[in-house]
Asks: 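Take this structure first; my questions come after.
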Amino acid sequence: AMKINQDTVLQGQKVTLVPYTAAHVPRYHEWMQSEELQRLTASEPLSLEQEYEMQQSWREDTDKCTFIVLDSARWPGQAEESCMVGDVNLFLTNAEDPTLGEVEIMIAEPSYRGRGFGKEATLMMMSYGVRSLGITKFEAKIGQENEASICMFKKLHFEEVAVNSVFQEVTLRLDISDQERRWLLEQTNHVEEKSYTELKQPPGVLET
């Protein structure tokens, strides 16, 4: 079950990945009102109540692994909601093949785009998928007009394998050979895995 990451924090240089909780929903909901993000993520706007239900179901879902992307320079230290820059997901879409993960990244805050935040978050999620979930193949499905995202995945060694002209979507793929695995772990060897419960404790709470 994907509750595997409910207490997992992955701390990188630019980004910190934390589990998607109810506290993140209002900001997430605000993002998804943007027509541009709806188009890029091929999603419909939901009501705030629906967004809370969605968060709950994602948390319970066995074939999704979701992290909220925070700005490492600001968290821990500031309220999580104000440090949110996007989200990263891994979907285990193929029941026949549990080693295949579909990766999806959204940097929702425009001021954070094009600065390597999406790249680091994606590498961290892939490394987590390889280490903790037994993933050996990744796919990414991206709208054809989203050139920045396609370009980023190609830099991460993904290759274009299909174009769907109906959905105007490109599918990219990366098989994790031993060599790719070494490369991925090298790219993420600075990442620290921590406990969310412990990090959320305000400093001083544990001292008597």
Side-chain angles (χ1 to χ4, degrees), residues 1-21 24 58-59 61-76 80 83-94 97-108 112-142 148-161 171-200:
M2 277 310 153
K3 296 179 187 165
I4 180 166
N5 76 321
Q6 65 185 9
D7 191 43
T8 303
V9 173
L10 300 172
Q11 275 189 322
Q13 283 160 342
K14 294 181 178 200
V15 303
T16 296
L17 306 185
V18 298
Y20 183 28
T21 69
H24 301 126
W58 278 33
R59 195 185 166 86
D61 208 322
T62 54
D63 58 8
K64 290 188 185 71
C65 185
T66 299
F67 286 102
I68 291 289
V69 181
L70 304 179
D71 177 351
S72 287
R74 301 174 61 197
W75 191 86
E80 276 172 60
C83 304
M84 288 168 64
V85 298
D87 74 334
V88 61
N89 301 298
L90 201 53
F91 303 109
L92 306 183
T93 45
N94 186 337
D97 186 358
T99 66
L100 173 67
E102 186 183 321
V103 65
E104 193 183 80
I105 174 78
M106 172 177 80
I107 297 298
Y112 282 91
R113 291 184 198 151
R115 292 167 52 194
F117 283 78
K119 181 183 174 188
E120 189 184 38
T122 304
L123 282 166
M124 285 162 65
M125 178 54 120
M126 286 166 60
S127 172
Y128 182 72
V130 166
R131 286 180 299 107
S132 303
L133 308 175
I135 304 292
T136 59
K137 297 179 280 295
F138 291 99
E139 275 186 356
K141 293 185 171 128
I142 302 164
S149 193
I150 292 170
C151 182
M152 182 199 82
F153 276 101
K154 286 183 173 170
K155 282 185 186 152
L156 301 184
H157 305 179
F158 280 69
E159 287 175 9
E160 204 170 296
V161 289
T171 300
L172 299 114
R173 189 178 164 107
L174 173 63
D175 291 338
I176 302 293
S177 59
D178 288 347
Q179 189 183 355
E180 288 294 349
R181 188 188 167 98
R182 276 198 303 273
W183 174 79
L184 185 59
L185 298 179
E186 266 165 30
Q187 295 296 307
T188 52
N189 63 10
H190 62 283
V191 176
E192 291 184 63
E193 195 165 320
K194 297 185 175 174
S195 152
Y196 190 44
T197 328
E198 286 173 22
L199 277 179
K200 276 198 310 187

Asks: Can you measure from CG (Asp7) to CD (Glu193) and round to the nearest 0.5 angstrom?
Replies: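 Taking CG in Asp7 and CD in Glu193, the distance rounds to 10.0 Å.
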Asks: Check whether Ser72 reaches the backbone of Thr16 with its side chain - one donor and one acceptor, N or O, closer than 3.5 Å.
Replies: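 Yes; judged by distance alone, with no hydrogens or angles, the pair exists.
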Asks: With rounding to the nearest 0.5 Å, note down the distance linking OG1 in Thr122 to CD1 in Ile105.
Replies: 4.0 Å
Asks: Judged by modelled atom types alone, do Gln179 and His157 share a side-chain donor-acceptor pair under 3.5 Å?
Replies: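 No, His157 and Gln179 have no side-chain donor paired with an acceptor closer than 3.5 Å.
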Asks: Quick one: do Arg173 and Phe138 satisfy side-chain contact (heavy atoms from CB on, under 4.5 Å)? Show the steps, please.
Replies: CA-CA 6 Å; Arg173 189 178 164 107; Phe138 291 99; over 6 Å; no
Asks: So, is the end of the Lys64 side chain (NZ or CZ) under 6.0 Å from the ring centre of Phe91 and within 45° of the ring's axis?
Replies: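 Geometry flag: not set, cation outside 6.0 Å or 45°.
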Asks: Write down the atom of Leu90, the atom of Met125, and the distance for their closest heavy-atom approach.
Replies: N-CE, 3.7 Å
Asks: Starting from the C-alpha separation in whole Å, work towards a yes-or-no answer on side-chain contact (heavy atoms from CB on, under 4.5 Å) for Asp71 and Met84.
Replies: CA-CA 7 Å; Asp71 177 351; Met84 288 168 64; over 6 Å; no
Asks: So, Glu120 and Lys14, do they make that salt bridge, N to O below 4.0 Å?
Replies: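 Salt bridge between Glu120 and Lys14, a charged N being under 4.0 Å from a carboxylate O: no.
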Asks: What are the two closest heavy atoms between Leu70 and Glu80, and how far apart are they?
Replies: CD2-O, 3.7 Å
Asks: Once you round to the nearest 0.5 Å, how far does CG of Leu172 lie from CE of Met152?
Replies: 10.0 Å
Asks: Is the closest side-chain heavy-atom distance between Val88 and Leu17 below 4.5 Å?
Replies: yes
Asks: Just checking, Arg115 and Tyr112: is the charged tip under 6.0 Å from the six-membered ring centre and within 45° of the axis?
Replies: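 That pair qualifies as a cation-pi contact.
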Asks: Working to the nearest 0.5 angstrom, can you tell me the gap between Ile135 CD1 and Tyr128 OH?
Replies: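 Atom-to-atom, Ile135:CD1 and Tyr128:OH are 11.0 Å apart.
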Asks: Roughly how far, to the nearest 0.5 Å, is CD of Gln11 from CD of Glu192?
Replies: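 Glu192 atom CD to Gln11 atom CD measures 6.0 Å (nearest 0.5 Å).
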Asks: Does a salt bridge link Lys141 with Glu102, judged by any charged N lying under 4.0 Å from a carboxylate O?
Replies: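 Between Glu102 and Lys141 there is a salt bridge, with a charged N closer than 4.0 Å to a carboxylate O.
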Asks: Take atom CD of Glu160 as the centre, draw a 6.0 Å sphere, and report whether it contains more than 12 heavy atoms from other residues, nucleotides or ligands.
Replies: yes
Asks: Just do the side-chain contact (heavy atoms from CB on, under 4.5 Å) check on Thr136 and Asp175 with the steps written out, would you?
Replies: CA-CA 6 Å; Thr136 59; Asp175 291 338; over 6 Å; no
Asks: Applying side-chain contact (heavy atoms from CB on, under 4.5 Å) to Val191 and Ser127, what does each step give before you reach the verdict?
Replies: CA-CA 10 Å; Val191 176; Ser127 172; over 6 Å; no
Asks: Identify the two heavy atoms, one from Phe67 and one from Thr8, that lie closest to each other, and give their separation to 0.1 Å.
Replies: CE2-O, 3.5 Å
Asks: Work out which heavy atom in Arg113 is nearest to a heavy atom in Ile107; give both atom names and the distance.
Replies: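 The answer is NE-O, 2.8 Å.
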Asks: Would you mind reporting whether Leu184 and Val130 have side-chain heavy atoms less than 4.5 Å apart?
Replies: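 Yes, at least one pair of side-chain atoms sits under 4.5 Å.
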Asks: If every non-hydrogen atom of Met124 is compared with every non-hydrogen atom of Val15, which pair is closest and at what distance?
Replies: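 The answer is SD-CG2, 3.6 Å.
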Asks: Does this structure show an ion pair linking Glu186 with Arg181, if we count only N-O contacts that are shorter than 4.0 Å?
Replies: no
Asks: Would you please classify the geometry between the Phe158 ring and the Phe153 ring as parallel, tilted or perpendicular, with 30° and 60° separating the classes?
Replies: perpendicular
Asks: Answer yes or no: are there more than 12 heavy-atom neighbours, outside Asn189 itself, under 6.0 Å from its atom CG?
Replies: yes
Asks: Measuring from Thr188:OG1 to Arg131:CZ, what's the distance to the nearest 0.5 Å?
Replies: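 The distance works out to 6.5 Å.
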Asks: Any side-chain heavy atom of Leu174 within less than 4.5 Å of one from Lys137?
Replies: no
Asks: Specify whether Tyr196 and Trp75 have parallel, tilted or perpendicular ring planes, treating 30° as the upper limit for parallel and 60° as the lower limit for perpendicular.
Replies: tilted
Asks: Taking all atoms of both residues into account, what is the closest heavy-atom pair of Leu100 and Asn94, and its distance?
Replies: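 It is CD2-CB, 4.1 Å.
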Asks: Any donor-acceptor pair under 3.5 Å linking the side chain of Asn5 with the backbone of Cys65?
Replies: no
